[in-house]
Amino acid sequence: MTGTTVCRTVVAIALTATLAGLTGCTSSGGPADGGPGGSAPPAATPQSSAPSSTAPPSPPSPSLTGPSAEALRAVERATGRAGSARVESTTVMGSELSLKAAGALGWRDDGLTGTLTITYTGGTTAETMRRLGTTAMEARYLPDAYYAEVGDEFADRVGGRHWIKYVYEDLEDLGGGAGAGFADQMRNTTPNQAVKLLLTAEDVRRVGEEKTRGRRTTHWTGTVGGATAQTVDIWVDDRDLLVKKVERGRTENGELTQTAYYSEYGVTVSAERPPAADTADFKELLASQGG
């Protein structure tokens, strides 16, 4: 595998695994067409499931009013105040990738923090990563950057270092605007963001009470995103905290679906920066390959 292909695979890790494992399709712009994988485009102009900057913006939805709005805003406030939670999720991105993620995330004033273990379970990107000796990775999220752990075989191709660092500001500089969309999503990936998104839906409605993992919850649903419509469903407990979230949208590779469960709100969250000597910088990798 050439160095350029390695850099493309690095982009796939950042813009597919991170976004899919963490955010699903939560964005006011909805999922864009395309996604990185084994045949990712040149690293300087990656595609992702982040909103495409070239697509015409969807007209803003009117703010939801009435009892439904009051109930959902209470959920938004309670989830935001909680500040952290344990997360379990599964994601399927058409034929491109399926994965599961588990860990704990925090969303304080200084930004997103936390650690997830992301396991590839299927799809073309997963096959590419298996060939590089990686079937799972640890992802560490800090307010200014994201770190992805890679296996020994992959590390041999990036100077023997086992961590790739992606500074969000560097991602914003990527060509085509896709990186800026990704960086913006990384800053807005907390559970209460799903509620904010649902508040923009014109058709939001209360489905009713349901049992979710043995707990009594209220189920809400709505369609958001205009031309790139996606559905958002949330299940909320009697403390106004999200218990479950399901998001569905489409990419050119098929349907994108993420199911996430949240528990242990307020849990202590930590994420340490990996040793500098064992970390390769994404921007430097691109530069070394002429990206």
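Note that this is a predicted model, so its numbers are computed, not measured. The basis for the numbers below is simple: all heavy atoms, side chains too, and nothing from hydrogens, waters or symmetry mates. Throughout, residue positions are numbered sequentially from 1 according to the sequence presented.
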List the steps, then state whether side-chain contact (heavy atoms from CB on, under 4.5 Å) holds for T113 with Y141. CA-CA 5 Å; T113 58; Y141 304 92; 5.8 Å; no
Show the numbers, then the answer: is there a side-chain contact (heavy atoms from CB on, under 4.5 Å) between R248 and D233? CA-CA 9 Å; R248 297 181 180 89; D233 289 77; 4.0 Å; yes
Apply side-chain contact (heavy atoms from CB on, under 4.5 Å) to the pair T119 and L99, showing each step before the final yes or no. CA-CA 5 Å; T119 303; L99 56 81; over 6 Å; no
Yes or no on salt bridge (charged side-chain N to carboxylate O under 4.0 Å, His left out) for E247 and K245, after CA distance, side-chain angles and deciding distance? CA-CA 7 Å; E247 300 185 31; K245 176 192 71 173; 3.0 Å; yes
Would you check, one step at a time, whether the test side-chain contact (heavy atoms from CB on, under 4.5 Å) holds for Y262 with V243? CA-CA 5 Å; Y262 304 96; V243 175; over 6 Å; no
Show, in sequence, the C-alpha distance, side-chain angles and deciding distance for R273 and D144, and conclude whether the salt bridge (charged side-chain N to carboxylate O under 4.0 Å, His left out) test is met. CA-CA 11 Å; R273 295 184 190 275; D144 63 329; 2.8 Å; yes
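Evaluated for a side-chain contact (heavy atoms from CB on, under 4.5 Å) with V195, the options V232, I234, V236 yield exactly one hit, I234.
For the pair T257/T91, no side-chain contact is recorded, criterion being any heavy-atom separation below 4.5 Å from C-beta on. V92 has its side chain out of reach of E255: every pair of non-hydrogen atoms, C-beta onward, lies at least 4.5 Å apart. Side-chain contact check for L242 versus K244: every heavy-atom pair is 4.5 Å or farther apart. Using a 4.5 Å heavy-atom threshold, the side chains of L256 and R250 count as separate.
In terms of modelled atom types and a separation under 3.5 Å, the side chain of T79 and the main chain of E76 share no donor-acceptor contact. At least one donor-acceptor pair closer than 3.5 Å links the side chain of S98 to the backbone N or O of G122. Judged by distance alone, the side chain of Y265 and the main-chain N or O of R86 form no donor-acceptor pair under 3.5 Å. T217 places a side-chain N or O within 3.5 Å of a backbone atom of E210 that can act as its donor or acceptor partner. Of the possible polar contacts, none joining the D170 side chain to the K283 backbone as a donor-acceptor pair under 3.5 Å is found. Here the side chain of T128 pairs a donor or acceptor atom with the backbone of T124 at under 3.5 angstrom. The backbone N or O of T259 lies less than 3.5 Å from no partner atom in the side chain of S89, so there is not a single donor-acceptor pair. Side chain of D156 to backbone of G159: no donor-acceptor contact under 3.5 angstrom is found.
Between the CZ atom of R81 and the CG atom of D240 there is a distance of 8.5 Å, given to the nearest 0.5 Å. One distance of note links CD of Q230 with CD of Q258; it measures 11.0 Å at 0.5 Å rounding. Interatomic distance, CD of E138 versus NE2 of H162, reported as 13.0 Å (0.5 Å rounding).
Taking 4.0 Å as the cut-off between side-chain N and carboxylate O, R73 and E70 do not count as a salt-bridged pair. Between D237 and R213 there is no salt bridge, since none of the side-chain N atoms of the basic residue sits less than 4.0 Å from a carboxylate O of the acidic one.
Contact detail for K100 and T121: the closest heavy-atom pair is CG-CG2, 4.3 Å. S84 and V267 get closest at one heavy-atom pair: OG-O, 2.6 Å. The heavy-atom pair separating R108 from A82 by the smallest distance is NH2-O, 3.7 Å. The shortest heavy-atom contact between G114 and L105 is CA-CD2, 4.0 Å. Contact detail for T223 and A201: the closest heavy-atom pair is O-CB, 3.3 Å. In plain terms, the two heavy atoms of L198 and G222 that are nearest each other are CD1-N, 3.5 Å.
Cluster membership check: Y168 does not share its hydrophobic cluster with Y147, using side-chain heavy-atom separations under 4.5 Å among Ile, Leu, Val, Met, Phe, Trp and Tyr. One hydrophobic cluster, built from ILVMFWY side chains closer than 4.5 Å, cannot hold both F282 and W163; they sit in different ones. V269 and L241 are assigned to two separate hydrophobic clusters, defined by single-linkage of ILVMFWY side chains at heavy-atom distances under 4.5 Å. Under a hydrophobic-cluster definition in which Ile, Leu, Val, Met, Phe, Trp and Tyr are linked whenever side-chain heavy atoms come within less than 4.5 Å, directly or via other members, W107 and V87 are assigned to the same cluster.
Cation-pi geometry between R140 and Y146 is not satisfied (NZ or CZ under 6.0 Å from the ring centre, within 45° of the ring normal).
The aromatic rings of W235 and H219 lie parallel to each other, their planes meeting at an angle below 30°, with 60° marking the opposite boundary.
With a 6.0 Å radius and a threshold of 12 heavy atoms from other residues, nucleotides or ligands, R130 has its CZ atom above the threshold.
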